[in-house]
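Chain identifiers are assigned alphabetically (A, B, ...) following the order of the sequence lines, protein sequences preceding nucleic acid strands; residue numbering begins at 1 within each chain. Below, all heavy atoms of this structure are taken into account, side chains as well, without hydrogens, waters or symmetry copies.
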Amino acid sequence: MALISRIKRLVVEILSILHDFFWARFAKLGPQRLPPPQESSPRDVTARHKKMEEIRLPSLNRPGHAAHAKRCLSALPDSKTDLDASRLALAFYNIGILDLLDILNDGTTLPQWQRDGWIEWLWAQQTHGEDGSGFRPSPFMVHNPPGSETKYSNYDTPHIIMTYTALLALALLRDDFSRLDRPGLIKFLRACQREDGSFTTTPKDGESDLRTLYCAFAISAMLDDWSGIDVGHAKAFIASCRTYEGGYGQEPFCEALGGTTYTALASLYLAPPSPGSDPLTTAEKNQTVRWLVNNQASSGGFAGRTGKSADSCYCFWCGAALKILDMSHLIETKALASFLSECQFKFGGIAKCQDEHPDPYHTYLSIAALCMYPPSPLWEEEKPESWKFPVLDPLLNARVETAEWARRYISGK
Amino acid sequence: MSTEDQDKPLFSELPEWADVVPIPQYETDAPIAPILYSVEYKDATDYFRAIVKAGERSARVLQLTQELIRLNPAHYTAWQYRYETLLSLSSSLEAELKLTNSLTFKYLKTYQVWHHRRLLITHLRTPLPELPFLNRCLALDAKNYHTWSYRQWLLSHFIDDEDLWKGEIDFVENTIADDVRNNSAWHHRFFVVFGCGVREGEEDRARVIKRELIFTKQNISLAPNNPSAWNYLRGILDHNNLPYSLLTQFVKPYTVPLNPNAVDIVDLENPPPVKGAELPCVYAIEFLADINEKAGDKESLLKAVELWKSLANEHDTIRRKYWEHRVRDALQSPASA
């Protein structure tokens with residue numbers, strides 16, 4: 001058994017070296033592209049950008065994207081060592097890709113032993129201690145052998161972003177959450193909230209901003225228990241991150257950014273509604289919608305900040321923010337899909353923009369954006385079957401079936 | 001990798017580490033996305049786990065964490081343990097800041113390197129030399145989000161340090177002059193002028209608002225199709241509860257094709273579009289439509305509708321659905337009756 005697994009690892013290693021080698025080669029061989037023009041006029045280029053009805057999409061390379069995700073799940077080359085401290089998030093993105101492509105739970109694509117193995121690995125990251133329970137990024141800092149009933153030290157504590165992604169990853173795999181330490185989770189959230197209402201990544205340490213706040217809100221929503229956080233305080237922190245442009249910065253005083261605007265809005269709309277008050281005033285909502293739609297470039301893709309070039313991940317962050325505000329009908333879906341189709345890497349995976357290398361983060365978020373904004377209308381030549389997607393829950397960032405599973409089994413109610 | 005790196009011995013080969021029993025990484029039978037670590041990284045983390053388990057705080061811990069951070073700058077525990085070790089050894093944080101400088105240049109987009117810097121400066125309370133350092137970071141990447149966030153954190157954290165603040169308006173003026181489309185710089189200007197209290201010499205708010213309006217209009221006249229400047233213009237008005245209609249006269253020439261016979265005039269209040277400007281400008285049309293919508297009478301509202309339709313059908317077709325939504329929204333309002 002040990003020999004087989006060694007051989008398997010060797011094969012994966014060889015494949016990944018070959019993969020890296022070809023990546024580097026093709027990156028060099030790719031068409032010489034000029035840097036994005038410093039547009040004298042980013043918007044009044046009607047003549048230059050294609051008319052919507054003239055857009056013809058290639059097919060979405062579903063098998064390629066699934067293979068990319070499976071490759072990443074099986075092993076990563078050492079050039080990805082910087083992901084060591086966020087491996088669980090990577091697991092979520094890759095398993096999520098398979099779910100959005102409708103092959104995770106079809107009963108045929110993945111053998112049961114594989115699913116069971118993943119589930120065991122995920123639960124092995126749940127850890128308990130003085131500041132409650134949650135999930136760590138990977139065993140990268142574990143210094144006691146598995147099975148020894150020790151509490152975590154100050155250096156292998158749970159991590160709030162990893163805890164959110166672990167819960168979703170287990171929901172993706174339809175785990176029953178019988179092993180979840182719910183009271184411990186509540187205690188952990190409490191240990192992470194700071195005086196200003198924000199949350200640190202780990203208890204008493206690490207950076208704190210709107211990303212971590214969103215994770216605390218999403219975890220509370222899945223638990224259907226808000227006793228672990230001071231919601232009013234946290235909402236005040238969100239409000240302090242709002243900028244004059246109508247978006248939200250990562251922390252107070254910072255520039256409006258697509259990703260953190262999503263986390264701000266998703267948090268506000270996940271929170272238990274306060275009677276008689278909308279999370280935003282009409283004027284605020286109008287201003288935010290204006291900023292969000294202005295981030296859509298003439299290429300159809302979204303930029304994360306005013307005046308920056310489009311990046312596939314912001315198609316999700318800005319697109320989901322608009323969806324949360326009930327404004328998804330304002331988006332040109334074919335232009336969006338056209339941009340994302342150009343971000344596809346020829347051997348699978350989706351990059352942040354054309355001619356860049358793909359990664360699981362951009363691949364997952366691109367497909368999640370397409371779930372909210374499936375292109376239509378489609379001609380027969382555009383392979384409509386490749387552009388069919390499940391419906392996405394924009395607040396939890398998972399397909400509706402998975403989000404429902406998470407809310408039901410994580411709350412245990 | 002340089003030859004110097006390749007010649008570096010592993011910790012397991014060093015006699016001064018012989019007393020430590022390395023701890024391997026424990027994995028389950030079927031791990032998700034295992035990373036095929038390099039020999040150097042595996043070696044360093046094996047020793048790091050052992051050191052952390054033993055709770056050792058020593059000079060060699062600083063050597064080990066420095067190496068580990070070089071191999072993986074996102075290893076947040078290595079940073080955390082390093083910082084605590086520095087404090088417990090009463091090591092020079094000034095020297096640490098110097099080392100962090102080179103790491104910051106190298107890993108501009110890594111959260112941990114900036115977090116470490118905040119901890120050091122919070123402890124050292126020496127914000128002033130940070131400004132020239134940050135200028136060097138911005139020379140590498142003028143829109144780097146971490147660099148700007150750190151600058152805003154620094155200024156707000158040391159809010160009463162007049163020396164720290166006094167050159168900030170000039171700095172942001174120059175940064176915008178370098179690239180008028182750098183939205184991070186415009187945002188920073190808003191933070192400095194309106195977002196973080198009132199500085200000495202800025203107490204006359206009417207004068208400040210006037211200065212900001214002239215500055216922004218001037219920049220729009222030189223590059224009309226710049227969304228950052230238009231957003232800033234809206235920001236000044238919104239923040240100070242001023243009506244958009246104050247700017248009707250300024251905006252109008254930007255909403256129509258460029259007049260080839262216009263003569264050069266110097267008008268600070270209403271600077272005209274520069275020669276060769278690509279007009280009409282979408283942002284100006286949108287602004288004029290907003291003025292008309294706000295006016296409240298039916299005639300103005302119909303004028304706004306006409307402007308939005310021109311954006312939807314001609315000047316800004318990617319946002320056609322948004323402009324049509326604005327039309328529908330306005331026509332449902334009481335003013336349209």
Side-chain angles (χ1 to χ4, degrees), chain A residues 13 16 38 40-44 46 49 72-73 75-78 80-87 90-91 94 114 117-118 120-122 124 139-143 145-146 153 155 205-207 243-245 250-255 257 293-294 296 298 300 305-308 329-332 335, chain B residues 23 25-38 41 45 49-50 52-53 71-77 80-81 111 115 143 145 148-149 152-153 156 181-184 187 190-191 195-196 225 227-228 231 234-235 238-239 278 280-282 314-322 325:
Chain A
E13 197 155 353
S16 114
Q38 192 63 9
S40 59
S41 49
R43 292 214 302 191
D44 54 357
T46 350
H49 71 242
C72 294
L73 282 162
L76 295 167
D78 77 336
K80 304 289 170 194
T81 295
D82 60 340
L83 297 172
D84 203 22
S86 52
R87 243 175 86 195
L90 193 82
N94 283 310
Q114 179 116 70
W118 290 348
E120 285 318 303
W121 186 84
L122 288 165
F140 82 130
M141 276 310 299
V142 177
H143 43 68
S153 73
Y155 309 103
D205 195 74
E207 65 271 15
T243 90
Y244 69 94
E245 291 195 277
Q250 186 151 287
E251 53 186 321
F253 309 120
C254 293
E255 184 185 359
L257 180 64
V293 296
N294 271 294
Q296 191 172 22
S298 53
R305 293 184 256 164
T306 302
K308 295 264 286 179
H329 55 286
L330 304 185
I331 296 304
E332 290 293 349
Chain B
I23 299 179
Q25 176 163 314
Y26 300 110
E27 276 289 10
T28 57
D29 294 337
I32 304 184
I35 299 168
L36 305 164
Y37 301 126
S38 67
Y41 186 71
T45 51
R49 278 183 287 268
V52 168
K53 185 174 184 177
L71 294 166
N72 176 11
H75 196 305
Y76 63 86
T77 317
Q80 177 195 358
Y81 201 78
Y111 279 93
H115 182 64
K143 296 181 180 178
Y145 200 82
W148 285 105
S149 305
Q152 283 132 15
W153 168 80
S156 62
R181 291 169 204 286
N182 184 344
N183 195 62
S184 302
H187 171 86
F190 197 90
F191 161 78
C196 196
N225 292 289
S228 300
N231 283 357
R234 288 168 173 265
D238 291 343
H239 185 78
E278 279 186 61
C281 164
V282 168
E314 195 182 345
H315 304 302
D316 192 33
T317 52
I318 186 81
R319 265 163 287 279
R320 181 177 57 85
K321 292 176 175 173
Y322 173 68
H325 154 78

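- Here the CG atom belonging to Leu36(B) is positioned 12.5 Å from the NZ atom belonging to Lys80(A), to the nearest 0.5 angstrom.
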Exercise for the section: For side chain to side chain contact (heavy atoms under 4.5 Å, CB included), just list the numbers for Glu332(A) and Lys321(B), CA-CA rounded to whole Å, side-chain angles, deciding distance to a tenth of an Å, and then say yes or no. Expected result: CA-CA 8 Å; Glu332(A) 290 293 349; Lys321(B) 292 176 175 173; 3.9 Å; yes
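- No donor-acceptor pair closer than 3.5 Å links the side chain of His187(B) to the backbone N or O of Tyr244(A).
- Between Thr81(A) and Ile35(B), the closest heavy-atom pair is OG1-CG2, 3.9 Å.
- When each of Ala124(A), Ser86(A), Ser153(A), Gly206(A) is scored by its heavy-atom pairs under 4.5 Å with chain B, the top score falls to Gly206(A).
- Panel note: side chain Arg49(B), backbone Phe140(A); a donor-acceptor pair is recorded below 3.5 Å.
- In terms of heavy-atom pairs under 4.5 angstrom with chain B, the leader among Gly307(A), Pro139(A), Gly117(A) is Pro139(A).
- The distance from the CG atom of Asp316(B) to the CG atom of Asn294(A) is 7.5 Å, given to the nearest 0.5 Å.
- From Gln80(B), atom CD reaches atom CG of Asp205(A) across 4.0 Å, with rounding to the nearest 0.5 Å.
- Interface summary for chain A: among Ser149(B), Gly235(B), Ser184(B), Ala74(B), the most heavy-atom pairs under 4.5 angstrom belong to Ser184(B).
- The candidate from Leu90(A), Asn94(A), Leu83(A), Ile331(A) with the greatest count of non-hydrogen atom pairs under 4.5 Å with chain B is Ile331(A).
- Annotation for Arg87(A) and Pro31(B): closest pair NH2-CB, 3.8 Å, computed over non-hydrogen atoms.
- Residue Cys254(A) touches chain B through both its backbone and its side chain, counting heavy-atom pairs closer than 4.5 Å.
- In plain terms, the two heavy atoms of Leu73(A) and Ile32(B) that are nearest each other are CD2-CG2, 3.4 Å.
- Atom-to-atom distance recorded for Glu251(A):CD and Gln152(B):CD is 8.5 Å, nearest 0.5 angstrom.
- When all heavy atoms are compared, the tightest approach of Tyr145(B) to Glu255(A) is OH-O, 2.5 Å.
- Not counting sequence neighbours, the partners of Ala50(B) by the side-chain contact (heavy atoms from CB on, under 4.5 Å) test are Val20(B), Ile23(B).
- A donor atom on one side chain and an acceptor atom on the other are found under 3.5 Å apart for Asp84(A) and Tyr37(B).
- Of all heavy-atom pairs between Thr28(B) and Glu120(A), the closest is CG2-O, 4.4 Å.
- Of the atoms belonging to Ala335(A), it is side-chain heavy atoms, and not backbone ones, that fall under 4.5 Å from chain B.
- Tyr322(B) meets the ring-ring contact (aromatic ring centres under 6.0 Å, His included) test with no other residue; sequence neighbours excluded.
- Heavy-atom pairs under 4.5 Å with chain A were tallied for His75(B), Arg320(B), His239(B); the largest tally goes to His75(B).
- Of the atoms belonging to Asp238(B), it is side-chain heavy atoms, and not backbone ones, that fall under 4.5 Å from chain A.
- With a 4.5 angstrom heavy-atom cutoff, Tyr26(B) touches chain A via backbone and side-chain atoms both.
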Problem - Working for side chain to side chain contact (heavy atoms under 4.5 Å, CB included), residues Lys53(B) and Tyr155(A) - result: CA-CA 9 Å; Lys53(B) 185 174 184 177; Tyr155(A) 309 103; over 6 Å; no
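- For Thr306(A), the parts sitting under 4.5 Å from any heavy atom of chain B are the backbone and the side chain alike.
- Only the side chain of Glu245(A) comes within contact range of chain B, judged by heavy atoms closer than 4.5 Å.
- Only the side chain of Thr77(B) comes within contact range of chain A, judged by heavy atoms closer than 4.5 Å.
- For Ala33(B) against Leu76(A), the heavy-atom pair with the smallest separation is O-CD1, 3.9 Å.
- When each of Trp148(B), Tyr76(B), Tyr81(B), Trp153(B) is scored by its heavy-atom pairs under 4.5 Å with chain A, the top score falls to Tyr76(B).
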